[in-house]
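Read through the structure below, which is laid out as structure tokens, and then see the notes.
By convention in this document, chain letters (A, B, ...) are assigned in the order of the sequence lines, proteins followed by strands, and residues within each chain are numbered from 1. All values below come from the heavy atoms of this structure, side chains included, with hydrogens, waters and symmetry mates left out.
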Amino acid sequence: MAASSSSPLTPGAIFRTRAAALTLTQALIRAFYCFDLFLTATRFPDFVHPGKVPPPEFLLWPVAWLAWVPARLGFAVLFILQIGGALAGAAACQWRIARLLAALGLLEWAALENSVFKIGHTLHLLVFVAGLLVFLPRGWDGPAGAVRRSVRERTLLVFWTCQAVVMLSYTLSGLGKFGGAFYQLAHGQPTVFSPDALALHVAERLAQTDSTSLLGSWLLAHPWTGWPLMLSAIYLQTFAFWIAFRPALQRFWAVGLIGFHIGSFFLMTINFPQNSFLLALFFFRSPFADEAWPRLRQFLSDLPVFGAIASRFLPEQSAAKRRGDAPVIPLELPAR
Amino acid sequence: MKSYRRLRRWLAAFLGACVLLGVGGQFLNARHEWFPFYSWFLFSLVPHEAVAYDLLLHESPRGHAVPPVPYRLAGDGLVRSPHSIDLSRAVQELGRALEAHDAAESALARAAIERRFTVSPVRYEVVKLTFANPLERLQQGALPRSRESLSTFVSGQKLRPAPANFSASEPAMATEAPTAVSR
């Protein structure tokens with residue numbers, strides 16, 4: 001659907017590229033709301049047996065009102081909001097009110113589920129994406145060729161921000177590991193860059209939960225095998241936000257981060273299926289990336305850190321090819 | 001286009017807020033985040049100390065445990081979801097809070113733990129276990145090099161720690177007068 005990366009960026013080509021990007025964006029946004037409805041449907045048994053209202057000291061602010069109403073009424077309101085919001089979002093996401101209800105339903109669900117001693121984080125990105133999509137402009141879902149330029153570009157911008165917030169979460173995680181490494185290095189402790197760092201994490205996690213994992217025992221018997229995995233995960237996480245500006249790398253990076261989640265489960269029984277979905281949805285077929293996998297030269301030169309090194313050894317690109325390879329992320333207004 | 005540029009500024013501010021509020025909440029909030037903004041600082045520190053805290057159940061309306069039973073091994077459905085990571089973290093937080101004499105944090109952790117008991121009251125003891133290191137601990141089984149009793153509590157009572165007045169290695173009922181239990 002996107003223009004070939006080797007065609008020059010004439011105004012007509014830009015328009016066709018942007019219109020194609022909008023069409024794909026519209027489909028991906030609708031898919032997000034369908035996923036929200038699917039997730040809500042998987043929770044129907046929880047709605048029948050909601051349990052008790054958490055103690056006031058654990059209630060997160062979006063559900064603090066539960067402490068002031070009868071429990072049955074509170075749960076009824078919550079579940080109507082969640083189910084109604086998910087249904088409205090899936091059926092009528094072209095309307096802002098429907099998207100707002102869907103976002104509110106997700107926020108309340110995430111707040112209720114995490115009104116426990118330690119907050120979990122499997123739903124946070126869903127809440128952010130749903131919140132951002134509320135800001136889609138009116139008319140965003142019209143035929144791509146007929147939508148006004150400002151509506152088209154604002155739609156693409158909101159979608160790109162959803163991509164950015166997903167990647168930002170991974171970058172913060174990576175930066176946190178660097179911060180932790182500096183702290184532990186200063187205290188003479190092993191760091192995340194140590195050869196047995198992953199093995200120590202796995203051991204601690206399995207001991208905490210008194211459980212076993214499919215690959216945990218093998219890794220603990222061969223702790224050195226965790227070193228390249230850990231370094232790769234840190235690289236993928238730390239530079240994830242960079243990838244929001246490098247469409248050519250987005251598919252590869254999403255595969256890598258999903259691989260990280262797969263490894264997290266089979267090593268430490270930590271599962272983030274919602275994040276894997278968001279990575280696949282936003283990056284496997286990004287509206288801002290070419291349909292085909294990038295050429296090796298572009299791929300290597302776009303890599304964080306290694307790209308600068310690789311570029312020194314790769315042959316120069318022709319000016320025409322460089323123009324054709326320019327990313328079309330919507331941070332600047334195109335001519336048409 | 002004004003609307004485009006205005007939206008772009010707002011979205012950039014939102015991304016900035018994600019970073020500031022996420023990192024700020026990590027260090028400034030007792031629960032380490034201002035929901036839903038989070039720092040995503042997960043697994044940033046490599047566990048190197050082989051210190052862990054455990055909860056030993058001594059007595060419940062179902063009887064006395066001699067020797068005291070670690071909560072993960074409590075039978076008869078005494079503890080709901082004993083392998084839950086949420087409960088595990090609450091136990092670790094309680095141990096750390098007791099060592100740091102942090103009354104507020106220990107009260108919060110106790111509330112989280114006692115919600116898991118399926119009966120009441122339950123008398124339980126918080127102990128500190130020291131292993132060689134996490135890898136050795138897991139590979140050799142749960143055999144601590146040392147065990148130190150931090151405090152004992154009775155669930156459902158005022159959130160104030162009772163003095164530890166017996167050694168965890170001795171049978172619980174041998175040296176202590178029975179605690180009055182109201183049903």
* For B:Phe35 and A:His124, run ring pair (Phe, Tyr, Trp, His ring centres under 6.0 Å): C-alpha distance rounded to whole Å, both residues' side-chain angles, the deciding distance at 0.1 Å, then the answer. => CA-CA 9 Å; B:Phe35 179 83; A:His124 284 48; 5.2 Å; yes
* **Residues B:Glu105 and B:Arg96 bridged, charged N to O under 4.0 Å** =>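 Salt bridge between B:Glu105 and B:Arg96, a charged N being under 4.0 Å from a carboxylate O: no.
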* A:Phe245 and A:Trp160: ring pair (Phe, Tyr, Trp, His ring centres under 6.0 Å), yes or no, with the steps? -> CA-CA 9 Å; A:Phe245 301 88; A:Trp160 179 86; 5.2 Å; yes
Which atoms of [X] are under 4.5 Å from chain B, going by heavy atoms: the side chain, the backbone, both sets, or neither?
{"X": "A:Glu57", "value": "both"}
{"X": "A:Leu168", "value": "side chain"}
{"X": "A:Ser150", "value": "both"}
{"X": "A:Leu219", "value": "neither"}

Atom pair [atom1]/[atom2] of [X] and [Y] - distance to nearest 0.5 Å:
{"X": "B:Gln92", "Y": "B:Asp54", "atom1": "CD", "atom2": "CG", "answer": "8.0 Å"}
{"X": "A:Thr225", "Y": "A:Met230", "atom1": "OG1", "atom2": "CE", "answer": "13.0 Å"}
{"X": "A:Ile262", "Y": "A:Ser276", "atom1": "CD1", "atom2": "OG", "answer": "6.5 Å"}
{"X": "A:Ser169", "Y": "B:Leu42", "atom1": "OG", "atom2": "CG", "answer": "9.5 Å"}

Which of the residues [options] is involved in the greatest number of heavy-atom pairs with chain A at under 4.5 angstrom?
{"options": "B:Arg115, B:Glu93, B:His48", "result": "B:His48"}
{"options": "B:Pro47, B:Ala112, B:Ser88", "result": "B:Pro47"}
{"options": "B:Arg89, B:Arg31, B:His32", "result": "B:Arg31"}

* Minimum heavy-atom distance A:Thr238-A:Gly174, with the two atoms named ->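 A:Thr238 and A:Gly174 have their closest heavy atoms at OG1-CA, 3.4 Å.
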* **Nearest heavy atoms of A:Gln163 and A:Phe282, plus distance in Å** =>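 It is NE2-O, 2.8 Å.
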Answer with yes or no after comparing the ring centroid distance for [X] and [Y] against a 6.0 Å cut-off, counting only values under it.
{"X": "B:Phe37", "Y": "A:Phe128", "answer": "yes"}
{"X": "A:Phe193", "Y": "A:Phe178", "answer": "yes"}
{"X": "A:Tyr170", "Y": "A:Phe241", "answer": "no"}
{"X": "A:Phe272", "Y": "A:His121", "answer": "no"}

* Distance-only donor-acceptor check, side chains B:Glu99 and B:Tyr53, under 3.5 Å ->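 Per modelled atom types, B:Glu99 and B:Tyr53 side chains form a pair under 3.5 Å.
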* Asked: Does a donor on one side chain and an acceptor on the other come within less than 3.5 Å for B:Glu125 and B:Ser149?
  ->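 Yes, because at least one side-chain N or O of B:Glu125 sits under 3.5 Å from a partner of the opposite role on B:Ser149.
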Would you mind telling me which of [options] has the largest number of heavy-atom pairs within less than 4.5 Å of chain B?
{"options": "A:Ala111, A:Ala181, A:Pro54", "answer": "A:Ala111"}
{"options": "A:Thr269, A:Val192, A:Val116", "answer": "A:Val116"}
{"options": "A:Ser173, A:Ser194, A:Gly180, A:Ala199", "answer": "A:Ser173"}
{"options": "A:Ile119, A:Val165, A:Leu175, A:Leu107", "answer": "A:Ile119"}

* Look at atom CZ of A:Arg148 and say whether more than 12 heavy atoms of other residues, nucleotides or ligands are closer to it than 6.0 Å. =>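 Check fails, neighbour count at 12 or below.
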* Any side-chain heavy-atom pair of A:Arg205 and A:Val202 under 4.5 Å ->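 In short, these two side chains do not touch, never coming nearer than 4.5 Å.
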* Could you tell me which residues in residues 58-67 of chain A have at least one non-hydrogen atom under 4.5 Å from a non-hydrogen atom of chain B, sorted by residue number? =>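 The list, in residue order, reads A:Phe58, A:Leu60, A:Trp61, A:Pro62.
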* Enumerate by number any residue of residues 131-139 of chain A whose heavy atoms lie under 4.5 Å from heavy atoms of chain B; in the absence of such residues, state 'none'. =>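 The list, in residue order, reads A:Leu132.
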* Asked: For residues 165-178 of chain A, which residue pairs qualify under salt bridge (charged side-chain N to carboxylate O under 4.0 Å, His left out), counting only residues two or more places apart or in two chains?
  ->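 Output for this query is empty, none listed.
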* Show your working on side chain to side chain donor-acceptor pair (under 3.5 Å) between B:Tyr124 and B:Glu114 and close with a plain yes or no. => CA-CA 10 Å; B:Tyr124 60 96; B:Glu114 291 179 8; 2.5 Å; yes
* Of the backbone (N, CA, C, O) and the side chain (C-beta and beyond), which part of B:Ser3 lies under 4.5 Å from a heavy atom of chain A, both, or neither? ->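 For B:Ser3, heavy atoms of backbone and side chain both lie under 4.5 Å from chain A.
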* Asked: Can you name the residues of residues 12-21 of chain B that have some heavy atom under 4.5 Å away from a heavy atom in chain A?
  ->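 Result: B:Phe14, B:Leu15, B:Cys18, B:Val19.
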